[in-house]
> 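Below: one structure in structure tokens.
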Amino acid sequence: MWQRAAMTVGGFVVVLYALEAIDTIAGNRLDAWGIRPLTLDGLWGVAFAPMLHGGWGHLVANTIPLLVLGFLVLMSGIGRGLAATGLIWLIGGLGTWLTGGPYLHLGASVLIFGWLTYLLVRGIFTRSVGQILLGVVVLFVYGGLLWGVLPGQNGISWQGHLFGAIGGIVAAWALSANARRGRRATAGGVPPLP
């Protein structure tokens, strides 16, 4: 499992670097596919913004958290990790499109904040001691990032961070439905569904 998780998140990061190289050669034209809040054309950015970055520095800053948090999310199962990523991507993008400031929003930090909160709260929803302990370790290492959901520095999409984080919580809740159902069934004396 760890090899598939590493290859999947590593492959995604390679794609991000390839896209930034193409964007650099094209004079940053790909960045136009970011989220432009409350515009019809800008709605396409929900699909593309997490794959685009405002330069090499932006991408490099996102790389280590992408690799680490993405790997940890995918270790719960590739399908489950991809489902969580899809929910985070959609909720983060739509929330940014609805509430973002009047500038272009792009970058994989939507996913970073979503994966972070997913890992932090998943164990609470599943009541898994191992996942709770992982959440504590992740909080210790990356918890400082959570300040990024608050308005702060100009040009930083705190809306993307906030709605990515909300997407992570929603994904953790939605993807723990079987565990919650199993607990209720066991508590009622009925065997859980497979």
Side-chain angles (χ1 to χ4, degrees), residues 1-25 30 33-34 46-93 96 106-146 148-149 157 160-161 163-179:
M1 176 66 74
W2 70 269
Q3 291 172 325
R4 290 180 61 208
M7 288 178 57
T8 302
V9 73
F12 179 66
V13 170
V14 167
V15 168
L16 297 184
Y17 272 80
L19 285 171
E20 191 58 35
I22 292 167
D23 191 40
T24 301
I25 292 167
L30 292 182
W33 287 92
V46 172
F48 300 112
M51 296 186 296
L52 305 170
H53 288 82
W56 289 104
H58 187 198
L59 177 56
V60 168
N62 281 342
T63 299
I64 298 300
L66 274 171
L67 289 169
V68 172
L69 297 173
F71 174 78
L72 293 173
V73 168
L74 292 172
M75 281 297 292
S76 65
I78 300 298
R80 181 176 296 278
L82 292 177
T85 300
L87 285 169
I88 292 164
W89 196 307
L90 182 63
I91 292 168
T96 302
L106 42 81
S109 55
V110 166
L111 299 178
I112 292 169
F113 278 79
W115 288 340
L116 174 60
T117 57
Y118 175 83
L119 291 167
L120 291 177
V121 302
R122 176 181 62 173
I124 295 167
F125 292 129
T126 61
R127 294 192 185 163
S128 164
V129 173
Q131 290 176 1
I132 290 171
L133 291 175
L134 176 62
V136 169
V137 171
V138 167
L139 180 63
F140 179 74
V141 175
Y142 285 106
L145 288 178
L146 292 173
V149 302
S157 177
H161 298 172
F163 284 98
I166 290 169
I169 294 167
V170 170
W173 178 80
L175 295 173
S176 67
N178 284 342

> Could you work out, with ring pair (Phe, Tyr, Trp, His ring centres under 6.0 Å) as the rule, every residue matching Phe71, not counting sequence neighbours?
none
> How would you list, by chain and number, every residue that makes a side-chain hydrogen bond (donor to acceptor under 3.5 Å, both in side chains) with Gln131, sequence neighbours excluded?
Thr126
> With rounding to the nearest 0.5 angstrom, report the CD1 to CZ distance, Ile132 to Phe125.
11.5 Å
> Listed by chain and number, what are the ring pair (Phe, Tyr, Trp, His ring centres under 6.0 Å) partners of Phe113, not counting sequence neighbours?
His161
> Closest approach of Gly81 and Ser76, non-hydrogen atoms and distance?
N-OG, 4.3 Å
> The criterion is side-chain hydrogen bond (donor to acceptor under 3.5 Å, both in side chains); which residues satisfy it with Thr117, sequence neighbours excluded?
none
> Are the side chains of Trp89 and Leu111 in touch, meaning some heavy atoms are under 4.5 Å apart?
yes
> Any chance you could lay out the side chain to side chain contact (heavy atoms under 4.5 Å, CB included) test for Tyr142 and Leu69, step after step, and finish with the verdict?
CA-CA 9 Å; Tyr142 285 106; Leu69 297 173; 3.9 Å; yes
> With the side chain counted from C-beta on, respond yes when Leu59 and Val13 share a heavy-atom pair under 4.5 Å apart, and no when they do not.
no
> Applying side-chain contact (heavy atoms from CB on, under 4.5 Å), name anything that partners Ile91, two or more places apart in sequence or on another chain.
Ile166, Val170
> Would you say Leu16 and Leu66 make side-chain contact, with heavy atoms under 4.5 Å?
yes
> Among residues at least two apart in sequence or on other chains, which ones pass side-chain contact (heavy atoms from CB on, under 4.5 Å) with Arg4?
Ile78
> Taking all non-hydrogen atoms of both residues into account, name the closest pair between Ile88 and Ala171 and its distance.
CG1-CB, 4.4 Å
> Output every pair passing side chain to side chain donor-acceptor pair (under 3.5 Å) with a member in residues 51-64, not counting sequence neighbours, ordered by first then second residue.
Tyr17-Thr63, Thr24-Trp56, His53-Asn62
> Checking Leu30 now: which residues fulfil side-chain contact (heavy atoms from CB on, under 4.5 Å) with it, not counting sequence neighbours?
Leu19, Ile22, Asp23, Leu52
> Tell me, please, which residues at least two apart from Thr85 pass side-chain hydrogen bond (donor to acceptor under 3.5 Å, both in side chains).
Trp115
> Looking only at non-hydrogen atoms, find the nearest pair between Leu87 and Ala174 and report the distance.
CD1-CB, 4.3 Å
> Are side-chain heavy atoms of Tyr118 and Val73 found at a separation under 4.5 Å?
yes
> Between Ser109 (side chain only) and Ile112 (backbone N and O only), is there a donor and an acceptor less than 3.5 Å apart?
no
> Closest approach of Gly10 and Leu67, non-hydrogen atoms and distance?
CA-CD2, 4.1 Å
> State which residues pass side-chain hydrogen bond (donor to acceptor under 3.5 Å, both in side chains) with Thr8; sequence neighbours excluded, sorted by chain then number.
none
> Could you tell me which residues satisfy side-chain contact (heavy atoms from CB on, under 4.5 Å) with Leu72, sequence neighbours excluded, listed by chain and number?
Val68, Leu119, Leu134, Val138
> Please tell me if the side chains of Leu120 and Leu146 come closer than 4.5 Å, counting only heavy atoms from C-beta onward.
yes
> Would you confirm whether Arg80, through its side chain, and Leu74, through its main-chain N or O, come within 3.5 Å as a donor-acceptor pair?
no
> If every non-hydrogen atom of Leu106 is compared with every non-hydrogen atom of Gly54, which pair is closest and at what distance?
CD1-N, 3.3 Å
